[in-house]
Amino acid sequence: MGAQISRSSEWQALTAHAEKIRHSHLRDLFAGDAGRGERLSAQAGDLYVDYSKHLVTDETLGLLRALAGKAGLTGRIAAMFSGEHINRSEDRAVLHTALRLPRDADLVVDGQDVVADVHQVLDRMAAFSERVRSGEWRGHTGERIRTVVNIGIGGSDLGPVMAYEALKSYKTDELTCRFVSNIDPTDLYDKTRDLDPATTLFVIVSKTFSTQETLTNATEARNWLLAGLGGDAAAVAKHFVAVSTNASRVADFGIDTDNMFGFWDWVGGRYSLPSAVGLSVMVAIGPERFRELLSGYHTVDEHFRTAPLESNVPATLGLLNVWYNDFLGAQTHAVLPYSQYLHRFAAYLQQLTMESNGKSVTLDGTPVDHQTGEIFWGEPGTNGQHAFYQLIHQGTKLIPADFIGFSRPNHDTGSMHDLFMSNFFAQTAALAFGRTREQVEAEGVAADVVPHKVMPGNHPTTTIIAPELTPATLGQLVALYEHITFTCGVIWDINPFDQWGVELGKVMANQLAPLLTQDEAPAGDQDSSTNALIARYRAQRGR
Ligand code: F6P
């Protein structure tokens with residue numbers, strides 16, 4: 001078993017350094033360094049990233065980079081990109097970066113020409129998308145498709161719905177997409193009740209094609225379709241396509257594998273948006289725009305793969321996350337996009353970051369003795385300003401926050417975007433510098449109210465600004481967070497690519513399901529709490 005990273009001299013140096021930094025204030029760090037704002041910034045593709053409003057000095061950054069050296073970050077990046085089996089508990093390569101390699105790139109892994117396979121699927125997706133978008137693809141009764149319903153959960157839902165919402169201003173007016181994920185029957189009911197089966201196409205997305213929620217929703221969707229189209233089973237072929245790595249299960253479900261778009265076990269669910277999992281997004285925005293999304297991802301992949309640590313944006317931001325999480329005691333991390341179109345971004349990031357780094361054993365199975373995964377949360381600005389920002393400004397918690405904004409709006413509405421963005425700039429300045437007692441007193445505020453109006457400041461933020469929200473900048477942004485997540489996982493010496501913790505709940509739900517529906521009362525051989533809750537539920541269901 002390897003020594004824990006927390007025993008290293010690099011880690012100990014940061015622990016000691018944190019005691020000094022704890023007592024510094026951003027006001028002083030800025031006052032003593034006129035060039036700080038520009039110096040502590042970097043660019044990855046179109047993303048300009050300002051990390052000067054963090055509780056760090058040049059010494060901190062040096063120590064963090066030394067920690068990255070100790071953890072072997074550079075070598076681990078190379079190992080991921082080359083297709084080594086870095087997902088050790090599942091003995092798999094981790095190659096979501098291959099999904100966005102250009103057609104003329106070269107990558108053969110485990111004997112598979114990965115680039116050729118990726119582009120073969122992309123070409124099939126493009127041909128299919130064009131047929132649906134142009135109206136050439138017809139439903140069972142000869143009508144064109146007007147609504148695409150994506151059925152999937154976790155990575156088979158959150159990526160597509162986030163990107164569809166983010167790129168709404170690029171979508172065709174000829175159709176809309178809806179997303180069903182929850183096994184709560186109201187989700188499917190609400191999303192289909194006003195639809196015409198004759199003009200509806202279901203895209204069933206499941207890497208394993210065994211996920212209870214998705215298969216149950218897909219079965220109900222098929223019943224709904226057949227009931228609406230006179231019961232002719234031949235209709236399924238015109239109204240159902242599948243995205244999966246599991247062709248035999250797709251066939252068992254009754255979907256023609258000619259209408260299946262594949263991907264590979266080296267694509268984790270939460271990293272799968274740029275694979276065939278993004279099919280509904282491609283149908284909505286068109287193949288060309290989808291390829292721009294992929295090329296945006298690739299730009300930041302190349303940056304992460306090649307930039308030295310000093311200017312490597314994902315590595316720097318990942319190290320800052322480790323700094324707050326492991327040395328300054330932060331528990332959560334806010335993500336605050338100033339774009340209504342990014343209203344599902346935080347939900348998407350929650351799976352990406354928390355399913356990846358919510359681990360408590362090292363790669364060799366030893367329990368970690370340091371903190372791992374942060375808790376991510378957020379809402380678009382300015383809505384968040386009128387909800388939870390108060391706690392960030394004047395509460396007692398340390399909450400590093402990412403502010404994400406765009407210089408140009410997707411729709412020009414005169415000065416409204418400028419007003420919106422003035423909030424964006426005002427918030428990070430207010431969080432950093434606050435208002436001192438002297439400033440408040442100078443305004444003539446009554447003495448007993450002064451303490452309530454003092455804004456302590458010193459709240460750390462990252463500002464990420466891009467010219468405009470486009471498919472390319474969205475791809476860059478998602479790749480940025482993927483690689484931040486990877487960087488943290490490397491430092492913490494955990495596996496960001498498995499998710500065994502989700503399995504127990506799935507197994508237990510399958511075991512309990514019959515107890516809720518069977519005629520006779522269950523034997524009551526669960527724990528006393530679960531027995532009593534099930535009995536109450538059965539009684540209220542009249543069983
Ligand atoms: O939540 C666990 C999980 O396995 C995720 O990792 C995955 O994205 C999701 O379930 C859905 O899995 P599938 O695509 O196989 O239906």
Side-chain angles (χ1 to χ4, degrees), residues 86-96 99 121 125 149-164 179-184 187-188 202-222 240-255 257 260-281 344-359 373 375-376 478 481-482 485-486 489 494-510:
I86 63 168
N87 177 354
R88 287 201 210 157
S89 72
E90 295 178 307
D91 190 18
R92 286 177 184 166
V94 174
L95 275 175
H96 45 276
L99 298 168
V121 174
M125 288 166 64
V149 180
N150 187 99
I151 297 183
I153 197 164
S156 299
D157 167 70
L158 288 162
V161 69
M162 179 279 291
Y164 175 75
F179 296 84
V180 174
S181 54
N182 202 327
I183 195 170
D184 179 342
D187 198 11
L188 181 68
F202 290 97
V203 180
I204 313 300
V205 186
S206 176
K207 179 175 170 181
T208 55
F209 230 76
S210 62
T211 303
Q212 185 200 52
E213 290 88 340
T214 301
L215 292 195
T216 307
N217 274 319
T219 304
E220 283 307 310
R222 188 173 51 189
F240 275 77
V241 299
V243 174
S244 186
T245 57
N246 195 330
S248 66
R249 280 183 190 265
V250 169
D252 289 348
F253 181 81
I255 296 178
T257 46
M260 170 183 150
F261 300 86
F263 58 115
W264 307 272
D265 69 0
W266 39 259
V267 183
R270 52 196 174 272
Y271 299 88
S272 64
L273 167 63
S275 72
V277 169
L279 183 63
S280 51
V281 180
R344 294 295 286 158
F345 194 66
Y348 168 75
L349 275 190
Q350 284 179 327
Q351 188 200 13
L352 174 64
T353 58
M354 290 158 74
E355 196 166 79
S356 293
N357 284 337
K359 311 289 162 62
I375 299 162
F376 279 79
V478 176
Y481 278 95
E482 286 179 350
T485 304
F486 177 76
I494 57 177
N495 182 359
F497 301 110
D498 60 13
Q499 59 284 318
W500 298 107
V502 189
E503 297 306 318
L504 178 61
K506 289 187 192 173
V507 171
M508 286 179 65
N510 283 330

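Indexing begins at 1, ligand by ligand and atom by atom, following the structure's order. Since the model is a prediction, treat every value here as computed from it, not as a measurement.
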Ligand 1 atoms nearer than 4.0 angstrom to some heavy atom of T211 are 12 (O), 13 (P), 15 (O), 16 (O)
To atom 3 (C) of ligand 1, the nearest of K207, Q212, K506 on a heavy-atom basis is K506
Nearest non-hydrogen contact to atom 6 (O) of ligand 1 from the set E503, E355, E213 belongs to E355
Numbered in order shown, the ligand 1 atoms found under 4.0 Å of a heavy atom of G155 are 7 (C), 8 (O)
In terms of heavy-atom contacts, V250 and S244 come closest through CG2-CB, 3.7 Å
Residue, atom and distance of the protein heavy atom nearest atom 15 (O) of ligand 1 read T208 OG1, 2.6 Å
Query raised in the report: Would a line drawn from the ring center of Y481 to the ring center of F376 be shorter than 6.0 Å?
Result: no
Per-atom filter on ligand 1: closer than 4.0 angstrom to a heavy atom of I153 are 9 (C), 11 (C)
Q) Should F209 and I204 count as side-chain neighbours, where that means a heavy-atom distance under 4.5 Å? A) yes
Per side chain to side chain contact (heavy atoms under 4.5 Å, CB included), N217 is matched among L188, N182, V149 by L188
Q) Can S356 and R270 be counted as having a side-chain donor-acceptor contact under 3.5 angstrom? A) yes
